[in-house]
Protein chains: 2
Amino acid sequence: MDREERLTEALVRTTFHVTAVMTRIAAEHDLSLTQVRVLGIVSDRRVRVTDLAARTGLDKSTMSGLVDRAVARGLLRRERSPHDGRVVEVVATEAGARLVAEIRAAGMRELAPMVDAVPPAERVGLARLLDTALAAVGQG
Amino acid sequence: MDREERLTEALVRTTFHVTAVMTRIAAEHDLSLTQVRVLGIVSDRRVRVTDLAARTGLDKSTMSGLVDRAVARGLLRRERSPHDGRVVEVVATEAGARLVAEIRAAGMRELAPMVDAVPPAERVGLARLLDTALAAVGQG
DNA sequence: TATTGTTATACTCTATAACTATA
DNA sequence: TATAGTTATAGAGTATAACAATA
């Protein structure tokens with residue numbers, strides 16, 4: 001296995017672990033990981049259903065259902081755009097914003113054991129490398 | 001945001017990107033990411049249903065259904081253990097093994113743009129840091 | 001005509017509870 | 001009694017196709 005493959009495999013294994021941790025945190029709050037992603041995107045701005053679908057890579061009909069369930073739980077609100085009668089903007093309720101903050105804090109806390117294993121002096125460098133890699137694929 | 005938080009966020013964003021890429025590859029082969037994980041685990045050894053469930057963090061009943069569908073597609077095979085009549089061992093068929101290899105290659109190929117953004121000299125160091133972090137949480 | 005969003009439908013993923021078979 | 005696995009059930013996630021409303 002060459003260096004490129006070795007790094008790719010490390011990335012994939014890291015992904016599985018981080019996903020497992022986040023999925024568990026989501027479940028502890030009675031949410032799926034997808035719901036957490038949607039809440040996270042909406043937490044600090046109003047977003048159209050279509051944009052939410054694009055950002056998550058899901059179909060707009062799927063997003064419609066996700067928003068339905070989050071609305072039913074009082075975490076999100078739908079608002080019609082005054083500028084374009086077709087558009088629905090999705091907004092986090094207070095309860096939704098509070099929940100996002102909680103989950104974000106839990107994520108920081110529960111991923112800490114992994115992050116803390118990286119020598120402090122190298123943390124900035126590692127974050128920068130990951131940011132560089134993400135920027136290269138348009139996720140920066 | 002301190003250094004620890006910044007690194008955590010980079011990890012989470014990396015996770016979302018890698019997951020998106022792998023989910024797309026899985027879908028192109030008419031599989032879910034979960035199915036790919038199961039096939040990957042079984043690809044080079046026989047594994048009990050209970051162990052598969054433990055490894056993936058899923059319930060054994062969920063695993064039973066996943067194996068059902070993979071068997072129906074000719075990707076996996078169930079074999080009763082000769083040593084313990086309760087145990088079912090799951091084995092990859094030839095077609096299943098071929099598919100795993102294909103998907104693994106596609107993963108390497110499609111994650112390459114991200115990996116290639118890391119300067120070659122730093123790739124080993126990055127892989128080592130990730131491995132260290134994973135080892136610290138028992139995923140090494 | 002094109003775009004935005006929802007609904008109808010069908011399948012997969014998932015867990016819980018109840019069950020069968022074996023140890 | 002305990003363990004391995006399946007089945008029944010119910011709900012969430014997902015995409016495709018068809019639809020209504022608006023531009």
Side-chain angles (χ1 to χ4, degrees), chain A residues 16 19-20 22-42 46-91 99, chain B residues 16 19-20 22-42 46-73 75-91:
Chain A
F16 281 141
T19 299
M22 294 191 305
T23 300
R24 179 168 47 71
I25 294 171
E28 283 164 1
H29 293 80
D30 265 300
L31 292 170
S32 68
L33 192 48
T34 305
Q35 290 277 8
V36 169
R37 285 183 73 194
V38 172
L39 288 177
I41 294 171
V42 172
R46 34 182 66 228
V47 186
R48 304 167 171 217
V49 172
T50 300
D51 291 344
L52 277 176
R55 290 275 293 266
T56 53
L58 299 169
D59 191 85
K60 57 188 175 154
S61 66
T62 299
M63 191 50 61
S64 209
L66 286 163
V67 171
D68 274 352
R69 290 182 285 276
V71 166
R73 288 183 51 178
L75 302 174
L76 296 179
R77 212 169 54 237
R78 279 183 167 98
E79 291 183 7
R80 288 229 91 100
S81 164
H83 311 298
D84 185 334
R86 298 169 300 181
V87 169
V88 167
E89 289 171 340
V90 180
V91 188
L99 189 53
Chain B
F16 281 142
T19 299
M22 294 191 304
T23 300
R24 179 167 47 71
I25 293 171
E28 284 165 0
H29 293 81
D30 266 299
L31 291 169
S32 68
L33 193 47
T34 305
Q35 290 276 8
V36 169
R37 284 183 73 194
V38 173
L39 288 177
I41 294 171
V42 173
R46 35 183 66 228
V47 186
R48 301 167 172 220
V49 172
T50 299
D51 290 345
L52 277 175
R55 289 276 291 266
T56 53
L58 299 168
D59 191 85
K60 58 187 176 157
S61 66
T62 300
M63 191 51 61
S64 208
L66 286 163
V67 172
D68 274 352
R69 291 182 285 276
V71 167
R73 287 183 52 179
L75 303 174
L76 296 179
R77 212 171 52 238
R78 279 183 168 98
E79 292 184 5
R80 287 231 88 104
S81 164
H83 310 299
D84 185 333
R86 298 169 300 181
V87 170
V88 166
E89 289 172 340
V90 181
V91 188

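Because only heavy atoms are used, hydrogens play no part in the values below, and waters and symmetry mates are left out as well, while side chains stay in. Naming convention: chains lettered A, B, ... in sequence-line order (proteins, then strands); numbering from 1 in each chain.
Mapping Thr50(B) and Gly65(A) onto DNA chain D via the closest heavy atom, the residue that lands nearer the 5' end is Thr50(B). Nearer the 5' end of DNA chain D, as judged by each residue's closest nucleotide, is the contact made by Gly57(A), out of Gly57(A) and Arg86(A). Annotation: of the two residues near DNA chain C, Asp59(A) and Asp84(A), the 5′-most nearest-nucleotide partner is Asp84(A).
Between Lys60(B) atom NZ and dC19(C) atom P the separation is 14 Å, expressed in whole Å. Taking atom CG of Asp30(B) as the reference point, atom P of dT16(D) lies 11 Å away to the nearest angstrom. Rounded to whole Å, the distance from CD on Gln35(A) to P on dG11(D) is 16 Å. To the nearest angstrom, C1' of dT12(C) lies 12 Å from CZ of Arg73(B). Counting to the nearest Å, the P atom of dA23(C) and the NE2 atom of His83(B) are 12 Å from each other. As a whole-Å value, the separation of Met63(A) CE from dG13(D) P is 10 Å. Across the protein-nucleic acid pair, Leu66(B) atom CG and dG5(D) atom C1' stand 14 Å apart, rounded to whole Å. Atom CG in Leu33(A) sits about 9 Å away from atom P in dT14(D), given to the nearest Å.
A sub-4.0 Å separation between OP1 or OP2 of dG13(D) and a side-chain N or O of Arg69(A) is present. OP1 or OP2 of dG5(C) has not a single side-chain nitrogen or oxygen of Ser64(A) nearer than 4.0 Å.
When the nucleotides dG5(C), dA15(C), dG5(D) are ranked by their closest atom to the side chain of Leu58(B), dA15(C) comes out on top.
Among the protein residues, Arg78(B) comes within range of the sugar-phosphate backbone only, with heavy atoms under 4.0 Å from sugar or phosphate atoms but none that close to a base. Residue contacts shown for Thr62(B) include a base, since a base heavy atom lies under 4.0 Å away. Contacts of Thr34(B) with the nucleic acid, taken as non-hydrogen atoms under 4.0 Å apart, involve only primed sugar atoms and P, OP1 or OP2. Residue contacts for Ser61(B): at a heavy-atom cut-off of 4.0 Å it reaches a base atom on one of the strands shown.
Across every non-hydrogen atom of Glu89(B) and Arg46(B), the tightest pair is OE1-NH1, 2.8 Å. Closest non-hydrogen pair, Val36(B) versus Ala26(B), comes out as CG2-CB, 3.6 Å. For Val88(A) against Arg78(A), the heavy-atom pair with the smallest separation is CG1-CG, 3.8 Å.
Heavy atoms of other residues, nucleotides or ligands lying less than 6.0 angstrom from CZ of Arg24(A) number more than 12.
Considering Val67(A), Leu66(A), Val71(A) as possible partners of Arg69(A), the one that fulfils the side chain to side chain contact (heavy atoms under 4.5 Å, CB included) test is Leu66(A).
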